[in-house]
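A quick note: this is a predicted structure, and the numbers were derived from the prediction, not measured. So you know, we letter chains A, B, ... as the sequences are listed, proteins then strands, and number each from 1.
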Amino acid sequence: MGITGVPAGWPADEETALDVQRELRERLVLDEEGPAAGEGHVTGLDVAYDDERDLVAAAAVVLDAGTLEVVERATAVGRVSFPYVPGLLAFREIPTVLAALDALAADPGLLVCDGYGLAHPRRFGLASHLGVLTGRPAIGVAKNPFTFAYDRPGPDRGDFAPLRADGEEVGRALRTRSGVKPVFVSVGHRISLDNACAHTLALTPRYRIPETTRHADALCRRALQEARAA
DNA sequence: GCGACAG
DNA sequence: ATCTTGTCGC
């Protein structure tokens, strides 16, 4: 396994990235229910950075949606492809994430991203971008509210409050653990918001953060450490 | 113009 | 994201 280079033609400046975002947005599919929660595979994706050494490590962990047991794991190490710019996170994370996904032999099923999908300034966050590029159903589960305002959801697991933008529900602040800060769920591609929330609850039997993300987070950090040593 | 701002 | 020990609580 070598180091994945930044793809030829990958946007290098914000203006170009915004153009690409606008183009890909047209391919977003929002009229599908998506796979049922608890069935098939769910794949967690996450990325760790070392900007000092210009290194990025991504992890993809496939789980059995019913048992939440690990089916397969893959990692990829690459070069930083874009600076962090709120609203353009996908351009920073996607090249290496795609490399990790390509290394999988199993069917990824639903892609679970660490970030947003439709709940995005231009309705095309990381989860939507990755969904369109792979053609797969995808959801975004973020740990922070980004720029969206929301009413405090009820105190129990399963309670939620809409994330609104221009009067429309672009996502939900969903309580995955009673009495604990909610997570922020939004549709990425080819799935409904209700179903995205059902999947998120199915993935959080014990912790606030989905099992998919927890596995991917631990794995990409380990991969980054190994890349530093090499 | 000044902050806020997924990871 | 990342820099970072101990510590309170179930």
Could you give me the CA-CA distance, side-chain angles and deciding distance for A:R136 and A:R190, then say whether side-chain contact (heavy atoms from CB on, under 4.5 Å) is met? CA-CA 7 Å; A:R136 300 180 179 286; A:R190 300 183 57 192; 5.5 Å; no
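In this structure, A:Q225 atom CD and C:dT2 atom C1' are separated by 12 Å, rounded to whole Å. Between the CZ atom of A:R228 and the C1' atom of C:dC3 there is a distance of 11 Å, rounded to whole Å.
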Give the dot-bracket string for DNA chain B, reading 5' to 3', where a pair is Watson-Crick or G-U wobble with both distances under 3.5 Å, ( ) marks pairs inside the strand, [ ] marks pairs crossing earlier ones, | marks a partner on another strand, and . marks unpaired. .......
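Distance CD1/A:I139 to CG/A:L111: 9.5 Å, rounded to 0.5 Å. Rounded to the nearest 0.5 Å, atoms CG (A:L55) and CD (A:Q225) are 10.5 Å apart.
By the 4.0 Å N-to-carboxylate-O rule, A:D194 lies close enough to A:R172 to be salt-bridged with it. We find that A:D151 and A:R164 are not joined by a salt bridge, their nearest charged nitrogen and carboxylate oxygen being 4.0 Å or further apart.
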Which atoms of nucleotides 3-7 of chain B (N or O only) lie under 3.5 Å from a protein N or O atom, and what are those distances?
{"residue": "B:dA6", "atom": "OP2", "partner": "A:Y84", "partner atom": "OH", "Å": "3.0"}
{"residue": "B:dA6", "atom": "N7", "partner": "A:G87", "partner atom": "N", "Å": "3.3"}
{"residue": "B:dA6", "atom": "N6", "partner": "A:G87", "partner atom": "N", "Å": "3.4"}
{"residue": "B:dA6", "atom": "N6", "partner": "A:G87", "partner atom": "O", "Å": "3.3"}
{"residue": "B:dA6", "atom": "N6", "partner": "A:L88", "partner atom": "N", "Å": "3.3"}
{"residue": "B:dA6", "atom": "N6", "partner": "A:L89", "partner atom": "N", "Å": "3.2"}
{"residue": "B:dA6", "atom": "N6", "partner": "A:H120", "partner atom": "NE2", "Å": "3.4"}
{"residue": "B:dA6", "atom": "N1", "partner": "A:L126", "partner atom": "N", "Å": "3.2"}
{"residue": "B:dA6", "atom": "N3", "partner": "A:Y116", "partner atom": "N", "Å": "3.1"}
{"residue": "B:dG7", "atom": "OP1", "partner": "A:K143", "partner atom": "N", "Å": "2.9"}
{"residue": "B:dG7", "atom": "OP2", "partner": "A:N144", "partner atom": "ND2", "Å": "2.6"}

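In this structure, A:H129 and A:F91 have perpendicular ring planes: the angle between them is above 60°, well past the 30° mark.
Screening A:R214, A:H199, A:R157, A:R175 for a side chain to side chain donor-acceptor pair (under 3.5 Å) involving A:T204 leaves a single residue, A:R157.
Ring centroid separation for the pair A:Y84 and A:Y49 does not come in under the 6.0 Å cut-off.
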